[in-house]
Amino acid sequence: MQIFEYNGSAVVAMVGKNCFAIASDRRLGVQLQTIATDFQRISKIHDHLFIGLSGLATDVQTLYQRLVFRHKLYQLREERDMKPETFASLVSAILYEKRFGPYLCQPVIAGLGDDNKPFICTMDSIGAKELAKDFVVSGTASESLYGACEAMFKPDMEAEELFETISQALLSSVDRDCLSGWGGHVYVVTPNEIKEKILKGRMD
């Protein structure tokens, strides 16, 4: 078993029409033993920017704290929030700094940029970015997430339809992965509001 699979995880982000959604499972496990069913993998950086971190739970928390610190420094210096593209470059640089002893995380970044255009990307543990115009996934359930998202994704979905699509994709995928699950945590972000929903899994 790889160290990335030690705690299990599933994170997915998807774009809609002037909105985006990001979702993750809620299970924290030690291999096949479940420790908690309310683990938070998705974090808000500011109202239009979220990051989901899959991988080793301790590194997830450490990396998140470093990113919040760096973003607050940016806000103090620039007196504005960071754009998603800028934040993705920051995350990539922080990960690459540690490439010889990397954070065992695979980030998924989702945000609204200029003109409320959604931006999503993911990267590996040393910061190699992968940009997408439809959806990105990471975690132990990523293979089944790819299949579900390919089947369900449609361009220019409104917020309600986007929520349904990402929820169904997440729940059907974690059912096929024994290292992730216990429902899900979904955020749908539009220019005017943030909707948050906890999904019940089959085990709840």
Side-chain angles (χ1 to χ4, degrees), residues 4-5 7-29 34 36-45 48-55 57 60 84 88 105-112 116-124 129-191 193-204:
F4 286 100
E5 299 171 356
N7 295 125
S9 52
V11 183
V12 55
M14 200 176 276
V15 302
K17 188 175 183 181
N18 295 331
C19 60
F20 70 86
I22 184 167
S24 77
D25 71 320
R26 304 178 70 216
R27 178 184 184 269
L28 172 65
T34 300
T37 59
D38 59 354
F39 189 67
Q40 184 79 12
R41 295 186 199 288
I42 299 172
S43 306
K44 183 171 90 167
I45 304 300
H48 291 161
L49 180 61
F50 284 72
I51 184 168
L53 293 164
S54 69
V60 163
C105 296
Q106 294 170 324
V108 167
I109 296 161
L112 289 176
N116 296 320
K117 188 178 178 186
F119 169 89
I120 56 170
C121 86
T122 185
M123 54 191 78
D124 63 11
K129 280 190 282 190
E130 181 186 332
L131 304 174
K133 290 186 170 65
D134 44 11
F135 57 85
V136 290
V137 305
S138 77
T140 55
S142 57
E143 284 187 19
S144 49
L145 276 167
Y146 268 122
C149 292
E150 285 280 2
M152 297 180 188
F153 178 82
K154 291 189 294 189
D156 292 331
M157 287 185 284
E158 297 292 342
E160 289 298 321
E161 189 180 4
L162 182 62
F163 168 75
E164 285 296 327
T165 302
I166 200 168
S167 300
Q168 292 299 323
L170 179 74
L171 290 177
S172 64
S173 299
V174 297
D175 282 348
R176 291 165 176 80
D177 177 42
C178 62
L179 296 175
S180 59
W182 284 94
H185 203 158
V186 183
Y187 292 90
V188 179
V189 180
T190 65
E193 66 175 334
I194 301 168
K195 290 182 182 172
E196 180 183 0
K197 184 82 186 278
I198 303 292
L199 305 174
K200 295 286 186 183
R202 288 191 183 167
M203 304 290 285
D204 293 58

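Only this structure's heavy atoms are used, side chains among them; waters, hydrogens and symmetry mates stay out. A quick note: this is a predicted structure, and the numbers were derived from the prediction, not measured.
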A.B. asks: Sequence neighbours excluded, which residues qualify as side-chain contact (heavy atoms from CB on, under 4.5 Å) partners of Ala21?
C.D. replies: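 With sequence neighbours excluded, Ala21 shows a side-chain contact (heavy atoms from CB on, under 4.5 Å) to Leu162, Ile166, Val188, given in chain and number order.
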
A.B. asks: Can you tell me how far apart CD1 (Ile109) and CD1 (Ile22) are? Round to the nearest 0.5 Å.
C.D. replies: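 Rounded to the nearest 0.5 Å, the CD1-CD1 separation comes to 9.0 Å.
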
A.B. asks: Verify, without hydrogens or angle tests, whether Thr140 (side chain) and Gly8 (backbone) share a donor-acceptor contact under 3.5 angstrom.
C.D. replies: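 Checked: no pair found.
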
A.B. asks: Of all heavy-atom pairs between Ser24 and Ile42, which one has the smallest distance, and what is that distance?
C.D. replies: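 So the minimum-distance heavy-atom pair works out to N-CD1, 3.5 Å.
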
A.B. asks: With Lys117, which residues qualify under salt bridge (charged side-chain N to carboxylate O under 4.0 Å, His left out), at least two apart?
C.D. replies: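 In terms of salt bridge (charged side-chain N to carboxylate O under 4.0 Å, His left out), with neighbours along the sequence ignored, Lys117 is linked to no residue.
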
A.B. asks: List for me each residue that meets ring pair (Phe, Tyr, Trp, His ring centres under 6.0 Å) alongside Phe39, sequence neighbours excluded, and say none if there are none.
C.D. replies: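 Partners of Phe39 under the ring pair (Phe, Tyr, Trp, His ring centres under 6.0 Å) test: none.
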
A.B. asks: Please check this pair: side chain of Asn7 against backbone of Ala57, looking for a donor-acceptor N/O pair closer than 3.5 Å.
C.D. replies: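 Yes; at least one donor-acceptor contact below 3.5 Å.
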
A.B. asks: What's the spacing between Phe20 CZ and Asn116 CG if we round to 0.5 Å?
C.D. replies: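 Between atom CZ of Phe20 and atom CG of Asn116 there are 11.0 Å.
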
A.B. asks: For the atom pair CE (Met14) and OG1 (Thr165), what is the distance rounded to the nearest 0.5 Å?
C.D. replies: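 So the gap between those two atoms works out to 6.5 Å.
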
A.B. asks: Please name the residue in the list Asp124, Thr122, Val12, Leu145 that meets the side-chain contact (heavy atoms from CB on, under 4.5 Å) test with Ser138.
C.D. replies: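 The passing option is Thr122.
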
A.B. asks: Any side-chain heavy atom of Leu131 within less than 4.5 Å of one from Phe119?
C.D. replies: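 Sidechains of Phe119 and Leu131: in contact.
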
A.B. asks: Ignoring hydrogens and geometry, is there a side-chain-to-backbone donor-acceptor pair from Ser54 to Gln106 under 3.5 Å?
C.D. replies: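 Between the backbone of Gln106 and the side chain of Ser54 there is a qualifying donor-acceptor contact (under 3.5 Å).
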
A.B. asks: For His185, which residues count as a ring pair (Phe, Tyr, Trp, His ring centres under 6.0 Å) partner, sequence neighbours excluded?
C.D. replies: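 Partners of His185 by the ring pair (Phe, Tyr, Trp, His ring centres under 6.0 Å) criterion, ordered by chain and then number, come out as Tyr187.
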
A.B. asks: Indicate the atoms forming the closest heavy-atom contact of Ala148 with Ser173, along with that distance.
C.D. replies: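 Smallest heavy-atom distance, with atoms named: CB-OG, 3.5 Å.
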
A.B. asks: Does some side-chain heavy atom of Thr37 sit less than 4.5 Å from a side-chain heavy atom of Arg26?
C.D. replies: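 A side-chain contact is absent here, since even the closest heavy-atom pair is not under 4.5 Å.
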
A.B. asks: Side-chain contact, heavy-atom cut-off 4.5 Å: Phe153 with Val15?
C.D. replies: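 Yes, at least one pair of side-chain atoms sits under 4.5 Å.
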
A.B. asks: Is Arg27 reaching over with its side chain to a backbone N or O of Leu179, donor-acceptor style, under 3.5 angstrom?
C.D. replies: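 Confirmed, Arg27 side chain pairs with Leu179 backbone.
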
A.B. asks: Quick one: side-chain hydrogen bond (donor to acceptor under 3.5 Å, both in side chains) partners of Ser172, sequence neighbours excluded?
C.D. replies: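 Not a single residue meets the side-chain hydrogen bond (donor to acceptor under 3.5 Å, both in side chains) criterion with Ser172.
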
A.B. asks: What pair of heavy atoms forms the shortest contact from Phe4 to Cys105, and how long is it?
C.D. replies: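 Heavy atoms only, the tightest pair is CE2-N, 3.8 Å.
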
A.B. asks: If every non-hydrogen atom of Val186 is compared with every non-hydrogen atom of Ser167, which pair is closest and at what distance?
C.D. replies: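 In this case the closest contact between Val186 and Ser167 is CG2-OG, 3.9 Å.
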
A.B. asks: I need the minimum non-hydrogen distance between Arg41 and Ala10, along with the two atoms involved.
C.D. replies: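 It is NE-N, 4.5 Å.
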
A.B. asks: Salt bridge (charged side-chain N to carboxylate O under 4.0 Å, His left out): which pairs involve residues 158-172, sequence neighbours left out?
C.D. replies: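 Counting only pairs at least two positions apart or across chains, the salt bridge (charged side-chain N to carboxylate O under 4.0 Å, His left out) contacts touching residues 158-172 are Lys154-Glu161, Glu160-Lys195.
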
A.B. asks: Taking all atoms of both residues into account, what is the closest heavy-atom pair of Pro191 and His48, and its distance?
C.D. replies: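 Minimum heavy-atom contact is O-NE2, 3.2 Å.
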
